[in-house]
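Note that the numbering runs from 1 along the sequence shown for the chain.
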Amino acid sequence: LDSRTDRTRVAMPPGADAIIKPFHSPKGVGIHAMEIYFPRNSVKQSDLETYMKAGTGKFTIGLGQQNMAFCNDIEDINSVCMTAVANLMEKYNIAPTDIGRLEVGTETLIDKSKSVKSTLCQLFNEHGNFDLEGVDNINACYGGTAALLNTLSWVESSAWDGRYGIVVCGDIAVYEDGPARPTGGCAAVAMLIGRDAPIVVGPVRASHMEDAYDFYKPRLDSEYPTVFGHESNVCYLRALDGCYHRFTHKFEHAARGHRFHLGEVDHVVLHSPYNKLVKKSGARMLYNDFVRYPDLPIFKGHEKTLEAFAKLLPEKTYENRDLEKVFTELARPMYKNKVQSSVLLPQELGNSYTASMYTGLLSLICSWHKPQVDANGEPVDTNALAHGKKVLMFSFGSGLAATMFTLKVAGDTSHIAEASELELRLKERIQRTPEEFSSTLADRETKYGKFDWTPSSSTEELFPGTFYLGNVDKFGRRSYKRVPVSPFRSSINYGSLAFHSRLGAADDGRPLPATTAS
């Protein structure tokens with residue numbers, strides 16, 4: 001495609017004229033609830049700069065990162081995801097029997113056959129629920145979005161049985177000793193999916209798929225990936241271009257020609273390997289707006305500066321530092337207003353691969369509901385401020401797979417911010433030294449793929465309610481235990497507001513739609 005001039009080449013399927021409003025989902029399918037788990041262990045990027053003799057600001061400014069979460073030998077991908085799912089169900093008072101689909105996105109493999117999802121089934125089997133569709137989705141950082149799209153399709157389909165779906169995306173991102181090590185991280189995000197949701201997924205989306213070797217894991221005896229950093233960044237930006245180009249065409253077709261640009265959305269949430277790439281991506285999207293609509297108000301007064309870029313082929317500009325510099329500067333207000341509120345967790349936890357974009361979404365939701373007062377000192381209704389907001393999402397996984405879609409706030413989202421307790425949990429992390437961090441990763445190397453061992457790390461410093469690895473037997477079978485849940489934890493949905501109370505029978509025999517928690 002010549003993205004400078006193309007306006008019509010995206011082929012639409014028969015009946016595409018029937019596509020309704022581009023931000024509207026007729027069944028209101030989307031996200032009802034979210035929960036995040038991240039390890040208590042954290043290391044400061046500024047300390048790593050000193051330890052690795054990288055120079056002041058190399059990781060904190062150059063990468064734009066602040067801290068990095070990491071696991072010792074007592075946690076693995078199964079335990080991390082189990083904790084996220086169990087906490088989601090307990091905090092929101094969700095009955096395990098009310099889940100009809102459980103789907104996982106991860107690239108952290110500890111078994112070449114047995115899925116993480118199958119391990120999670122024990123949380124449901126013990127309550128008599130064995131009817132759970134879905135398995136694992138694997139493609140680098142994209143698997144979580146694949147799981148989400150599959151679950152959305154299930155809820156919208158004739159196969160839907162009236163129950164909720166749960167999507168869990170999580171990873172433990174670690175790198176061998178070297179320049180890529182500070183770009184690791186760890187988190188798992190679990191999401192409750194259903195109809196009539198407060199966060200609705202829009203019907204317009206676009207994808208970009210390629211065969212690339214920018215980041216991959218061919219060594220089955222190691223946790224560490226093979227990475228070509230510069231090539232991976234170019235792949236990310238090329239996929240962003242492809243998704244944004246196709247998305248705008250599809251959106252404008254659905255909107256009967258109404259022009260789409262960044263001004264049409266309130267926020268942008270991007271997959272975040274590190275924050276500097278997120279900033280570059282915002283600038284790249286603004287460049288795409290310039291290619292298509294150079295008459296937009298944001299470009300007024302900059303015509304002479306931008307003239308030099310008007311005739312360039314976009315696919316030839318990935319190495320153009322002058323273009324990057326100009327559009328990064330132009331995008332500063334846009335980044336502050338539309339992107340910055342989504343970067344808290346990605347900057348604090350590091351790259352959590354499949355969970356990365358969703359940690360950004362949770363950061364954004366929590367930012368909406370920070371207590372505010374008006375000019376008269378009266379509390380502001382944050383739900384009223386958040387209602388109707390439109391969010392553009394970009395998910396990317398190396399290898400490569402990428403998708404762009406939208407979310408719209410259609411109901412109360414304050415319960416998600418309340419349940420997450422982000423500020424408290426971030427404060428309760430334990431800051432480790434770089435030496436402890438390096439020693440922990442060295443210890444994980446000796447145990448990866450090994451049988452017949454028991455973790456040596458203590459459970460005393462784990463968060464309450466955390467699942468952990470009990471042992472690996474001589475056949476490689478893993479067993480798990482759980483730190484007791486805090487007696488002070490409370491469910492934010494109870495009584496008639498509990499999610500399981502919303503699944504009664506309607507007059508026509510169909511399950512009642514889920515309503516938004518207040």
Query - His245-His249 aromatic ring centre distance below 6.0 Å - result: yes

Requested in this report: Please step through side-chain hydrogen bond (donor to acceptor under 3.5 Å, both in side chains) for the pair Thr60 and Glu49, ending with a clear verdict.
Outcome: CA-CA 8 Å; Thr60 52; Glu49 289 172 345; 2.9 Å; yes

Query raised in the report: If you measure only the distance, is there a donor-acceptor pair under 3.5 Å linking the side chains of His302 and Glu307?
Result: no

**Report entry** Lys117 side-chain N/O to Glu133 backbone N/O, donor-acceptor pair under 3.5 Å
**Finding:** yes

Query raised in the report: Which value, rounded to the nearest 0.5 Å, describes the distance between Leu192 atom CG and Tyr164 atom OH?
Result: 6.0 Å

Report task. May I ask you to decide if the ring planes of Tyr216 and Phe228 are parallel, tilted or perpendicular, using 30° and 60° as cut-offs? Result -> parallel

Requested in this report: Starting at CG of Leu426, measure out to CG of Leu349 and round the result to the nearest 0.5 Å.
Outcome: 6.5 Å

Query raised in the report: Does the cation-pi check pass for Lys217 over Tyr224, that is, NZ or CZ under 6.0 Å from the six-membered ring centre and within 45° of its axis?
Result: no

Requested in this report: Assess the side chains of His261 and Arg292: does a donor N or O sit below 3.5 Å from an acceptor N or O?
Outcome: no

Requested in this report: In sequence, state the C-alpha distance, the side-chain angles, and the governing distance for Phe247 and Phe260, and then conclude on ring-ring contact (aromatic ring centres under 6.0 Å, His included).
Outcome: CA-CA 9 Å; Phe247 180 88; Phe260 182 89; 5.2 Å; yes

Query raised in the report: With a 3.5 Å cut-off and no angle check, do the side chains of Tyr358 and Thr145 form a donor-acceptor pair?
Result: yes

**Report entry** Arg432 NZ/CZ over Phe70 ring centroid, <6.0 Å and within 45° of normal
**Finding:** no

**Report entry** side-chain hydrogen bond (donor to acceptor under 3.5 Å, both in side chains) between Glu418 and His369, intermediate numbers included
**Finding:** CA-CA 8 Å; Glu418 179 185 350; His369 297 288; over 6 Å; no

**Report entry** Salt bridge present between Glu35 and Arg425 (N-O < 4.0 angstrom)
**Finding:** yes

**Report entry** Sub-4.5 Å side-chain heavy-atom contact between Ile193 and His32
**Finding:** no

Query raised in the report: Which pair of heavy atoms, one from Lys338 and one from Val265, lies closest together, and at what distance?
Result: NZ-O, 2.5 Å

Query raised in the report: What distance separates Gln340 CD from Leu364 CG, expressed to the nearest 0.5 Å?
Result: 12.0 Å

Requested in this report: Start with the C-alpha gap between Tyr353 and Tyr142, add the side-chain angles, then the distance that decides, and say whether ring-ring contact (aromatic ring centres under 6.0 Å, His included) holds.
Outcome: CA-CA 8 Å; Tyr353 289 164; Tyr142 184 79; over 10 Å; no

Query - ring-ring contact (aromatic ring centres under 6.0 Å, His included) between Tyr236 and Phe394, intermediate numbers included - result: CA-CA 10 Å; Tyr236 182 107; Phe394 174 68; 5.4 Å; yes

**Report entry** Identified side-chain contact (heavy atoms from CB on, under 4.5 Å) partner of Trp368 from the options Val409, Asp266, Asn383
**Finding:** Val409

**Report entry** Check: Lys316 and Glu319 side chains under 4.5 Å, non-hydrogen atoms
**Finding:** no

Query raised in the report: What is the minimum heavy-atom distance between Lys408 and Lys390, and which atoms define it?
Result: CG-CG, 4.2 Å

Query raised in the report: Can you check whether Pro346's main-chain N or O pairs, donor with acceptor, with Gln65's side chain at less than 3.5 Å?
Result: yes

Requested in this report: Please report the C-alpha distance between Asp214 and Ser398 in whole Å, then the side-chain angles of each, then the deciding distance to 0.1 Å, and finally whether the side-chain hydrogen bond (donor to acceptor under 3.5 Å, both in side chains) criterion is met.
Outcome: CA-CA 6 Å; Asp214 58 315; Ser398 289; 2.7 Å; yes

Report task. Decide if atom CZ of Arg205 counts as having more than 12 heavy atoms of other residues, nucleotides or ligands within a radius under 6.0 Å. Result -> no

Report task. Apply side-chain hydrogen bond (donor to acceptor under 3.5 Å, both in side chains) to the pair Asp241 and Tyr318, showing each step before the final yes or no. Result -> CA-CA 11 Å; Asp241 281 358; Tyr318 298 114; 2.8 Å; yes

Report task. Indicate whether the side chain of Ser363 and that of Ser342 have a donor and an acceptor atom separated by less than 3.5 Å. Result -> no

Requested in this report: List the atom of Val268, the atom of Leu270, and the distance in Å for their closest heavy-atom pair.
Outcome: CG1-CG, 3.9 Å

Query - Pair Phe290-Phe327, ring-ring contact (aromatic ring centres under 6.0 Å, His included): steps then yes or no - result: CA-CA 10 Å; Phe290 170 72; Phe327 280 93; 5.7 Å; yes

Query raised in the report: Does the side chain of Asp171 pick up a donor-acceptor pair with the side chain of Thr106 at under 3.5 Å?
Result: yes

Report task. Given side-chain contact (heavy atoms from CB on, under 4.5 Å), test Arg101 with Asn150 step by step and report yes or no. Result -> CA-CA 10 Å; Arg101 188 179 187 92; Asn150 289 344; 3.9 Å; yes

Query - Derivation and outcome, side-chain contact (heavy atoms from CB on, under 4.5 Å), residues Val380 and Leu385 - result: CA-CA 8 Å; Val380 171; Leu385 292 179; 3.4 Å; yes

Query - Any side-chain donor near an acceptor of the partner, Asn139 and Glu107, under 3.5 Å - result: no

Report task. Give a yes or no on this: more than 12 heavy atoms of other residues, nucleotides or ligands lie within 6.0 Å of atom CD of Glu423. Result -> no

Report task. For Lys276, look at atom NZ and say whether over 12 heavy atoms of other residues, nucleotides or ligands are found less than 6.0 Å away. Result -> no

